[in-house]
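Atoms within a ligand are numbered from 1 in the order they appear, just like the ligands themselves. All values below were derived from every heavy atom in this structure, side-chain atoms included, with hydrogens, water molecules and symmetry-related copies excluded. Please read all numbers here as calculations on a predicted model, not as lab measurements.
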Amino acid sequence: MGFYPTASGPAKVAPMTGQRLSEVLDGALAPCLDQLLTPALVIDLDAVQANIAATIARVGGEDRWRPHLKTSKQAVIIDLMLDAGLRHFKVATCDELGLLLRTAGSRAVDVLFCYPAQRASLTAVLALARAHAHARVLVLADSPAHLDAIAAWSRALGHTSPLPVMLDVDLGMHRTGSIPAEWRERPSVPEPLVLAGLHGYDGHLTWAQREQAQLGYDALVELATALCSGPAAPAPSTLELVTSGTHSYAHALDHPGLRAGAWRHSVSPGTIVLSDRRSHAAERDIGLRQAAFVATRVISAGPDRVTLDAGSKAIAPDVSPPSCAIVDHGELEPQRASEEHLPCRVQPGAASPELGRLLWLIPEHVCTTVNLYREAVWIRGGRYVGVGPVGASGHGCGLPDTSLVKPPREG
Ligand SMILES: Cc1ncc(COP(=O)(O)O)c(C=O)c1O
């Protein structure tokens with residue numbers, strides 16, 4: 001589509017056709033509307049591609065971006081990233097790791113499993129790494145004790161080849177990782193682990209908290225410098241410092257110590273690929289296009305109220321209401337959703353959309369919304385082009401599928 005709809009402001013008009021965004025989206029899905037069940041996740045692949053290219057340009061090259069795949073979770077989007085030259089990724093689940101490795105095929109990727117692995121998930125990670133030996137798979141240590149545990153589990157699992165590890169540094173988010181002082185006391189890592197870098201994710205900070213972000217990066221750089229001093233210390237050029245998501249990458253890109261060191265510095269925004277209502281600062285900074293929508297229909301209408309078929313099982317409710325905006329319908333105010341229903345107040349004097357009318361939602365939080373879907377509908381060039389799986393949505397348990405075996409009866 002030849003225009004830049006925004007997640008935050010009112011939708012812009014397509015310059016070539018003068019159409020509103022909702023009209024363009026309606027037109028794209030017109031051929032399949034009779035069969036399309038709503039709510040449906042709809043991905044504009046042109047917008048995804050534009051966001052990937054714009055982000056690579058903003059961060060200064062493919063090697064400086066290690067996108068987190070927890071947002072997109074789809075092979076078609078991973079393929080677009082690989083086509084754009086990206087080779088470094090982050091994942092949080094074994095499903096995301098498996099999807100990346102399968103999608104990359106013979107393309108050698110470098111992927112950080114950026115979640116504190118426990119014995120079962122480490123077993124799955126190592127099995128995937130063995131099955132895709134040309135990929136570099138890194139693990140994350142939460143604390144010195146966890147570092148020792150990963151090393152011991154790896155040895156017990158028969159993994160003796162070097163396993164790259166990043167130390168998770170708590171820069172103030174207080175979610176995972178250990179503070180720099182704790183890591184300073186553990187300068188070496190046990191075999192088969194090899195120190196590959198530091199991971200400092202500052203998801204607690206916003207676009208406005210530049211000074212606080214820079215203090216965190218100062219601490220990360222000091223720790224990296226300390227770990228690289230001493231006779232048996234790793235050379236700084238062998239390390240990578242990974243920081244920042246969509247709400248703070250701009251602070252990290254400007255930090256002189258991160259930029260100037262001999263280490264490689266990368267940022268790891270994920271939301272940026274699809275964009276959402278919360279990413280308005282990055283959207284303005286990079287010129288992001290909204291790439292993910294939820295198609296919904298009006299299923300009930302009352303006085304000053306319409307209800308859409310997009311409840312909390314269609315738009316993630318992990319933000320305070322409203323959890324979405326309705327494209328080109330400022331007169332409709334989304335209220336608190338129930339599981340399958342989204343009631344919307346109609347502003348006084350405004351006309352209500354008719355029953356069955358297709359509307360378009362932009363999620364406040366796209367990552368958790370995508371995770372609710374098994375399939376996504378793709379549009380390209382303003383046209384419907386297909387449907388594909390959201391291959392890493394939800395959670396698998398890792399055990400073999402026994403659905404063809406009847407569970408034993410009691411007694
Ligand atoms: C460890 C880690 N890295 C990177 C990201 C990416 O952040 P965003 O989706 O805001 O770009 C997240 C988001 O939750 C995260 O938890």
Does any N/O atom on Thr271 come nearer than 3.5 Å to any N/O atom on ligand 1?
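Yes; at least one N/O pair falls below 3.5 Å.
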Any N/O pair Ile272/ligand 1 closer than 3.5 Å
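It does not: no N or O of Ile272 is found under 3.5 Å from an N or O of ligand 1.
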For atom 10 (O) of ligand 1, which protein heavy atom lies nearest, and how many Å away is it?
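The answer is Thr246 N, 3.3 Å.
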Tell me which protein heavy atom sits closest to atom 5 (C) of ligand 1, plus the residue, atom name and distance to 0.1 Å.
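I find the closest protein heavy atom is Tyr201 CE1, 3.5 Å.
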Ring-plane angle category for Tyr115 and Phe113, please: parallel below 30°, perpendicular beyond 60°, tilted otherwise.
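Rings of Tyr115 and Phe113: perpendicular, as their planes differ by over 60°.
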Proximal ligand 1 atoms for [X], defined as those under 4.0 Å from one of its heavy atoms:
X	value
Gly245	7 (O), 11 (O)
Pro269	11 (O)
Ser268	3 (N), 4 (C), 5 (C), 6 (C)
Lys90	1 (C), 2 (C), 3 (N), 4 (C)

Under 3.5 Å, is there a donor-acceptor pair between the side chain of Gln35 and the main chain of Cys32?
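Not at all, since once roles are kept as given, no pair shorter than 3.5 Å links the two residues.
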Within 6.0 angstrom of Arg155 CZ, more than 12 heavy atoms from elsewhere:
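Enclosed: over 12 neighbouring heavy atoms sit under 6.0 Å from CZ of Arg155.
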Any idea which heavy atoms bring Arg297 and Thr38 closest together, and the distance?
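Smallest heavy-atom distance, with atoms named: NH1-OG1, 3.1 Å.
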Can Asp285 and Arg58 be counted as an ion pair, charged N to O under 4.0 angstrom?
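The answer is yes: the pair qualifies as a salt bridge.
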Using a strict threshold of under 4.0 Å (side-chain N to carboxylate O), is an ion pair present between Arg107 and Asp79?
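Looking at Asp79 and Arg107, the cut-off is met.
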For atom 16 (O) of ligand 1, state which one of Arg175, His68, Lys70 supplies the nearest heavy atom.
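Considering heavy atoms of Arg175, His68, Lys70, the nearest to atom 16 (O) of ligand 1 sits in Arg175.
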Taking C-beta and beyond as the side chain, do His329 and Glu331 meet within less than 4.5 Å on heavy atoms?
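Yes, close enough: below the 4.5 Å cut-off.
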